[in-house]
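Take a look at the structure set out below.
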Amino acid sequence: MVKEKRVQEHRLPDLEDVSGNVVMRMAPSPSGPLHLGHSRMAILNDEYVKRYGGRLILRIEDTNPDNIDPFAYTQIPRDLEWLGVDVSEVVIQSDRFDLYYNEARNLIKIGKAYVCHCKQQDFRDMKLKGLECPHRSNTIETNSSEFEEMIRGSFRPGTATLVVKTDLNHPNPSIRDWIAFRVVDANHPRTGKKYHAYPMMNFSVAVDDHYLGLTHVIRGKDHLNNTEKQKYVFQYNKWKLPVYYHYGLINIPETILKTSIIKKGIAEGKYSGWDDIRLGTLLALKRRGYSPAVIRRYWIESGLREIDADFSWEIFNAMNKEIIDSGAMRFWFVRDPVRVTVKSPLPLQSRAPYHPGRTELGYRKYDLGTEFTIFVQKEDWDKFDDGDVLRLKDLCVVVKSGNVGNFDHREVTKDHPLKIIHWCPQDSERFSVYKPDGTVDNGLLEPLALDYNGIAQFERYGYVNKTADEAFFLYR
RNA sequence: GCUCCGAUGGUGUAGUCCGGCCAAGCAUUUCGGCCUUUCAAGCCGACGACCCGGGUCCAAAUCCCGGUCGGAGCACCA
């Protein structure tokens, strides 16, 4: 009697309160292209929209002009396309100032927002103590006219904010009266100096989430407090709340993700660009040869749970290998080469499959003659002493004698295993593999590989993404 | 400090809501074996976990209480 195996399928849990189609969103700020960390929200949202049907809105949150890279407006949609995320609609917050202003006016009218002129530090101190700021009790008329002045640009930055009233006794000080608008004097990449009063994220997000008709919101745990703040706007307007999910924080080790650091590095010439393979941007991952499918699979497997976890490159790479291996042609790349002369009584020909599991793809064949030059890795060759017998992969068995390998009739069998090393023919060309740790491996690449583009496996070396001139190391 | 959240093998997760089919599944790593003219891939097998202490119950990974540990937030950033 064999116990039936339980079949495991990694599937995201169902969403709550789904009636018909869902409307979801992802809301990156255009500070730069998307990186691995961002991809989680994109994939999760996309998966659910695909499951239930509905719409996925890309909302670009560009309400902080100091933190915008114009390149991001065009690159983010491209990153998403590469990920296979289907965006139904793109919304840019800097197009929607009028909406935010009107909603603010409304909040003022119902007595739920006021214009405050406190110094930043004073405002914070009073909140901490649960005290009311002197402007909190201003009349609706005063607040309305002062807000219009904020909009017109009558106030200098730091001298006026619009504050949403919540509860000064809220146990969490950060939830108490929070700032909804501030005065910004900056040149916005899209709107220039047209606007002076800028909405804060918590305000514009609440308004947009409502007007865009979101049914479900999935985002990181770092927004837990923001969600609480935003709920006040929904409550004051009697709007229906979306269902919120907050997934846990993922620590992605040994990876450079911070946009500010990357930007600085590019400016200083430390990195070649957003696609420098040392970075964790999607552009870099693409260049190294990762499949977008692995990113999707990894995040689906990680699920929606609120646990903080470490990102596992080990598992990520294993998943990617599974996806790419069958398409990865095998080639010989000889690092740190030494010249070896092979001598044989009869002409030799080598024959190595492009893929050992897919022999229908054919073989790499070289006619070599009776005495010819090959290159092997110094590290390999040095492991043998004169008189040692070894196998040159897919070629022949030789006996080492200095820098000569003499043909030998012995075979590799189960009872007599021989060490097998790879090699490349005389007319191989110099080739470099760039690694994500910033180092470069120089060597020789076999002629039949030179025109190949795409994911390859350099035998006994590792998987790489090869272009005409160079290759980027993926992993072993 | 305050508020909130979480805790399943080395790692990532399933199961927890509605207690029993869980002497805990899957993946990865490691180690064996098979196959193989790559230290690749594939196949087979093994090792390995319910944070601690109480409680409820016939029965707890699952419910309750208390600890411990970890994380996030506490900006005129998003």
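Lettering follows sequence order; numbering is per chain, from 1.
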Are A/Y247 and A/E306 side-chain neighbours, meaning at least one heavy-atom pair lies under 4.5 Å?
-> no
Partners of A/K393 by side-chain contact (heavy atoms from CB on, under 4.5 Å), sequence neighbours excluded?
-> A/W332, A/I420, A/E459
For the pair made of CG in A/N202 and P in B/C74, what is the distance, rounded to whole Å?
-> 10 Å
Span that lies between the C1' atom of B/A14 and that of B/A24, in whole angstrom | 10 Å
Separation of A/I175 atom CD1 from B/C4 atom P, in whole Å?
-> 10 Å
Would one find a side-chain N or O of A/S31 under 4.0 angstrom from OP1 or OP2 of B/A78?
-> no
On the ring face of A/F473, is A/K435 found with NZ or CZ under 6.0 Å from the centre and within 45° of the axis?
-> yes
side-chain contact (heavy atoms from CB on, under 4.5 Å) against A/V399, all qualifying residues, sequence neighbours excluded | A/V389, A/D408, A/R410
Name of the residue among A/K231, A/R25, A/R219 meeting salt bridge (Lys or Arg N to Asp or Glu O under 4.0 Å) with A/D209 | A/R25
Euclidean distance for P, B/G73 against B/U11 (whole angstrom) = 23 Å
Proximity to the side chain of A/L249 - top-ranked nucleotide from B/U28, B/A72, B/C39 | B/A72
Round to a whole Å and report the spacing from CG of A/L390 to P of B/U38.
-> 15 Å
Within this structure, what is the CG-to-P distance between A/D177 and B/C76, rounded to whole angstrom?
-> 13 Å
So, is the end of the A/R351 side chain (NZ or CZ) under 6.0 Å from the ring centre of A/Y363 and within 45° of the ring's axis?
-> yes
How close or far is atom C1' of B/C74 from atom NZ of A/K127, stated in whole angstroms?
-> 8 Å
Every protein N/O within reach of nucleotides 40-44 of chain B N/O, cut-off under 3.5 Å:
unit_1	atom_1	unit_2	atom_2	d
B/A40	O2'	A/Q457	NE2	2.8
B/A40	O2'	A/Y463	OH	2.6
B/A40	N3	A/R330	NH2	2.9
B/A41	OP1	A/K321	NZ	3.0
B/A41	O2'	A/D325	OD2	3.2

P atom, B/G66 versus B/G25: distance in rounded Å?
-> 33 Å
RNA chain B nearest-nucleotide lookup for A/D222 and A/Y461: closer to the 5′ end is A/Y461
Please determine, for the side chain of A/R182, which listed nucleotide (B/U38, B/A78, B/G12) has the closest atom?
-> B/A78
Expressed in whole Å, how much space separates the C1' atoms belonging to B/G20 and B/U56?
-> 16 Å
Please state the C1' separation for the pair B/U8 and B/C52 - nearest whole angstrom.
-> 15 Å
Distance between C1' atoms of B/G55 and B/G10 (Å, rounded) = 34 Å
Strictly under 3.5 Å: I want the nitrogen or oxygen pairs between protein and nucleotides 33-36 of chain B, one per line.
unit_1	atom_1	unit_2	atom_2	d
B/C35	OP1	A/K414	NZ	3.0

Side-chain donor/acceptor of A/R330 to backbone N/O of A/A328, under 3.5 Å | yes
What integer number of Å spans the C1' atoms of B/A41 and B/C34?
-> 14 Å
Could you state the CD-C1' distance from A/E146 to B/C76, rounded to the nearest angstrom?
-> 16 Å
How long is the line joining NE2 of A/H196 and C1' of B/C76, in whole Å?
-> 16 Å
Might you list the N or O atoms of the protein lying below 3.5 Å from N or O atoms in nucleotides 5-11 of chain B, with each pair's distance?
unit_1	atom_1	unit_2	atom_2	d
B/C5	O3'	A/E306	OE1	3.2
B/C5	O2'	A/E306	OE1	2.8
B/G10	N2	A/E314	OE2	2.5

Between A/Y461 and A/R335, is there a cation-pi geometry (under 6.0 Å to ring centre, at most 45° from the normal)?
-> no
C1' spacing across the pair B/A49 / B/G15, given as an integer number of angstrom = 13 Å
A/K229 NZ to B/C4 C1', straight-line distance once rounded to whole Å | 13 Å
In terms of ring plane angle, is the pair A/W423 and A/Y366 parallel, tilted or perpendicular, where the classes change at 30° and 60°?
-> perpendicular
Counting a pair only when it is Watson-Crick or G-U and both distances are under 3.5 Å, which runs of at least 3 such pairs involve RNA chain B?
-> B:1-7 with B:68-74, B:10-13 with B:25-28, B:30-34 with B:42-46, B:51-55 with B:63-67
